[in-house]
Protein chains: 2
Amino acid sequence: MSEQGGFTASARHRDIPEASVARLPVYLRALSGLADAGHVTVSSEGLATAAGVNSAKVRKDLSHLGSYGTRGVGYEVDELVHHISNALGLTQRWSVVLVGVGNLGHALAGYAGFASRGFRIAGLVDADPARVGERVAGLTVRSIDELAEVVTTGGVSIGVIATPAGAAQVVCDQLVAAGVTSILNFAPTVLQVPDGVELRKVDLAVELQILSFHEHRKSVSGAVGA
Amino acid sequence: MSEQGGFTASARHRDIPEASVARLPVYLRALSGLADAGHVTVSSEGLATAAGVNSAKVRKDLSHLGSYGTRGVGYEVDELVHHISNALGLTQRWSVVLVGVGNLGHALAGYAGFASRGFRIAGLVDADPARVGERVAGLTVRSIDELAEVVTTGGVSIGVIATPAGAAQVVCDQLVAAGVTSILNFAPTVLQVPDGVELRKVDLAVELQILSFHEHRKSVSGAVGA
DNA sequence: CCGACTTTGTGAATGCGTTCACGAACGCGT
DNA sequence: ACGCGTTCGTGAACGCATTCACAAAGTCGG
Ligand SMILES: NC(=O)c1ccc[n+]([C@@H]2O[C@H](COP(=O)([O-])OP(=O)(O)OC[C@H]3O[C@@H](n4cnc5c(N)ncnc54)[C@H](O)[C@@H]3O)[C@@H](O)[C@H]2O)c1
Ligand SMILES: NC(=O)c1ccc[n+]([C@@H]2O[C@H](COP(=O)([O-])OP(=O)(O)OC[C@H]3O[C@@H](n4cnc5c(N)ncnc54)[C@H](O)[C@@H]3O)[C@@H](O)[C@H]2O)c1
């Protein structure tokens, strides 16, 4: 009860529905485009079009951050960028360690989107002795044995796994042990993490198979004549 | 009415909830692992553990494909693989065209997971004259001008976009015009597609920003002491 | 052949997310 | 100053997905 007074400003962060959180980055991108195009304000309808959703969703999502719109006008673009960035924690720079500097790892290491979104690659790590020491995207590949050190000294809180599936759980455990509390997994395997560690995954094979399902469905129902 | 009799076998395909479809590939992967480990049958509980979900979800999902389990025993692994593959349309080989053979495109082109899951890369396409003609992963990079031909002669129904965001909508339109009906987009931008074209996206920046949100949330609530 | 045990398949309950719909609030033109 | 048109913010309705919980259906040892 007594602590409620001190919470109100930041308490909003805590109960933003996951589905809304996932759309905030998309709004942010859309807003950048609108700002570049010279828009000072934008209506929920305008932002909705730019973000590929409907306007009710935009308003509901933004309402979780606070009341920053002006009725009859819309939202001020700059202000909204600021509030969304705040909610997503993008006002600080997060450090990332990338484990597995193979085929995909090279592409990720060289990806400009990391830096431009405020994420710093604090280290590249691989288990292959032949890869350790190689310079990739301005960084030297370190040994997996040095993972804990890279995490600690680099202030790393996010780990990206781009190793083969067979190594992913081991790497995941090592990341968690080193103190990483958020993990993005590109390996096609289900990972176990303890409570308190956030896990997200990107799985190309799954995406393709979902597309396959829809192609198949179209061809089956289409063949009948409807 | 007369055609209903002919429908019953395949009609199941049509009303599988999207959320279930998205899990079927994960079950498939889990079942491969179980088969390799020598399991002949598996219970919903066992499959649930392997797939990282709960058993009720597994049973509900599988029930959409038909009644292939045996009460008191579980599901026969091989049979289940067969039925899921059928439902996902993986009994046929789908051809894919990859547009944008840059940093990420190279990694995707060389990705073994394409072929091993039954997807054939029918062509690599790029707009940069310097890239056209280059050999990547056993294929020669073709010009974007030849896209329609690659799609038609290759029997391509799935397109993968790995170009910069600015070119993605144009490429998307070209793919659709060429006859592609499913698209997987890696560029960080919202794409418009006509009805009947399936669109999915993979967005690294969005994933990282979602993780950022959770890191931020942890650090804010953690600082208070609870 | 039977009874105890296991596990499926599925209605019912619950929860979450989306969409609708409208009152309240604001800017602007007159 | 005031009314008009626009747009936000949000309760309520709706729909989809998840989870619960259990009867039905099978196995298997004796
Ligand atoms: N290449 C793609 O386009 C692509 C697409 C989607 C998913 N993936 C997945 O991403 C992962 C990496 O793919 P890739 O094509 O880069 O494979 P890769 O074999 O080229 O690279 C894997 C790298 O991980 C390293 N590694 C292996 N075990 C390790 C360990 N225990 N600790 C640290 N590093 C270790 C290897 O030395 C290698 O450098 C795979 O799981 C793959 O399925 C790849
Ligand atoms: N590299 C990564 O790890 C990574 C990760 C996530 C997302 N992405 C996204 O994937 C896309 C590609 O990234 P990248 O790092 O490979 O960039 P890149 O610049 O290395 O490659 C882009 C390629 O697309 C080609 N291209 C440009 N316009 C084209 C057109 N109209 N038609 C055909 N080809 C065209 C270019 O010639 C180039 O070869 C970007 O949108 C990027 O944001 C990349």
Side-chain angles (χ1 to χ4, degrees), chain A residues 8 11-12 14-27 30-31 34 39-81 83-84 87 190 206 210 213-214, chain B residues 8 12 14-27 30-31 34 39-80 83-84 87 190 206 210 213-214:
Chain A
T8 44
R12 291 206 168 272
R14 290 186 300 179
D15 52 358
I16 304 179
E18 194 60 30
S20 284
V21 171
R23 282 186 295 267
L24 293 180
V26 179
Y27 298 152
L31 289 167
L34 290 166
H39 289 71
V40 175
T41 63
V42 64
S43 65
S44 60
E45 191 63 46
L47 181 52
T49 302
V53 300
N54 71 9
S55 61
K57 214 180 270 187
V58 167
R59 288 197 299 277
K60 185 75 92 176
D61 286 342
L62 296 183
S63 76
H64 293 120
L65 311 184
S67 282
Y68 301 120
T70 306
R71 295 168 190 226
V73 178
Y75 304 87
E76 204 187 326
V77 173
D78 287 347
E79 193 189 355
L80 207 47
V81 166
H83 287 301
I84 295 177
V190 174
V206 167
I210 294 171
F213 169 82
H214 289 291
Chain B
T8 44
R12 290 203 169 272
R14 291 185 300 179
D15 51 358
I16 303 179
E18 194 60 29
S20 284
V21 172
R23 283 187 294 267
L24 293 180
V26 180
Y27 298 153
L31 288 167
L34 290 166
H39 290 71
V40 175
T41 63
V42 65
S43 66
S44 60
E45 191 62 45
L47 180 52
T49 302
V53 300
N54 72 10
S55 61
K57 214 180 273 187
V58 168
R59 289 197 298 278
K60 187 72 96 179
D61 286 342
L62 296 183
S63 76
H64 293 119
L65 311 182
S67 283
Y68 300 120
T70 306
R71 291 166 192 230
V73 177
Y75 304 86
E76 203 186 326
V77 174
D78 287 348
E79 191 188 356
L80 207 48
H83 286 302
I84 295 178
V190 174
V206 167
I210 294 171
F213 169 83
H214 290 291

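Proteins get letters first, then strands, A, B, ... in listed order; numbering begins at 1 in each.
As rounded to whole Å, 12 Å separates atom P of C:dG9 from atom NE2 of B:His64. Rounded to a whole Å, the CG atom of A:Asn54 is 13 Å from the P atom of C:dA21. The interatomic distance linking A:His39 (NE2) with D:dT7 (P) rounds to 13 Å, in whole Å. Following rounding to the nearest Å, B:Glu18 (CD) and D:dT18 (C1') show an atom-to-atom distance of 16 Å. In this entry the distance linking CD of A:Glu76 with C1' of D:dC8 reads 15 Å, nearest Å. What separates NZ of B:Lys60 from C1' of C:dA13 is a distance of 11 Å, to the nearest Å. Straight-line distance from the CD1 atom of A:Ile16 to the C1' atom of D:dT10: 17 Å, rounded to whole Å. For the pair A:Asp61 CG and D:dG9 P, the interatomic distance rounds to 12 Å; values are reported in whole Å.
Within a heavy-atom distance below 4.0 Å of DNA chain D, the residues of residues 19-27 of chain B found are B:Ala19, B:Arg23. For DNA chain D, the residues of residues 40-52 of chain A within the heavy-atom distance limit of 4.0 Å (strictly under) are A:Ser43, A:Ser44, sorted by number.
Remark: A:Arg23 CZ to A:Ile84 CD1 distance equals 12.0 Å, nearest 0.5 Å. Interatomic distance, OH of B:Tyr75 versus OG1 of B:Thr70, reported as 9.5 Å (0.5 Å rounding). Put simply, CG on A:Asp78 and CG on A:Leu34 are 11.0 Å apart, with the number rounded to the nearest 0.5 Å. Here the OG-NZ distance, from B:Ser44 to B:Lys60, works out to 13.0 Å after rounding to the nearest 0.5 Å. A distance of 11.5 Å separates CG of A:Leu31 from CD of A:Glu76, quoted to the nearest 0.5 Å.
In terms of heavy atoms, A:Val206 sits closest to B:Ala22 at CG1-O, 3.9 Å.
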Using side-chain contact (heavy atoms from CB on, under 4.5 Å), reason through A:Leu62 and A:Tyr68 one step at a time and then give a plain yes or no. CA-CA 8 Å; A:Leu62 296 183; A:Tyr68 301 120; over 6 Å; no

Start with the C-alpha distance between A:Phe213 and B:Ile16, add both sets of side-chain angles, then the distance that settles side-chain contact (heavy atoms from CB on, under 4.5 Å), and finish with yes or no. CA-CA 10 Å; A:Phe213 169 82; B:Ile16 303 179; 4.0 Å; yes

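Checking D:dA21, C:dG17, C:dC20 against the side-chain heavy atoms of B:Arg59 singles out D:dA21 as nearest. Listed nucleotides: C:dG9, D:dT27, D:dT18. Nearest to the side chain of B:Thr70: D:dT27.
Recorded end-axis angle for the helix from C:dC1-D:dG30 to C:dT30-D:dA1 stands at 10°, based on five pairs per end and rounded to 10 degrees.
Proximity of A:His214 to B:Glu18: side-chain heavy atoms (C-beta onward) are separated by under 4.5 Å at one or more points. Within the 4.5 Å cutoff, side-chain heavy atoms of B:His64 are placed close to those of B:Pro17. A:Val53 places none of its side-chain heavy atoms less than 4.5 Å from the side chain of A:Val26.
Along DNA chain C, the nucleotide nearest A:Lys57 and the nucleotide nearest A:Arg71 are compared for position; the residue whose nucleotide lies closer to the 5' end is A:Lys57.
Between A:Tyr75 and D:dG9, a side-chain N or O to OP1/OP2 separation shorter than 4.0 Å is present.
Remark: of the listed residues A:Val42, A:Asp61, A:Val77, A:Val42 is the sole one forming a side-chain contact (heavy atoms from CB on, under 4.5 Å) with A:Leu47.
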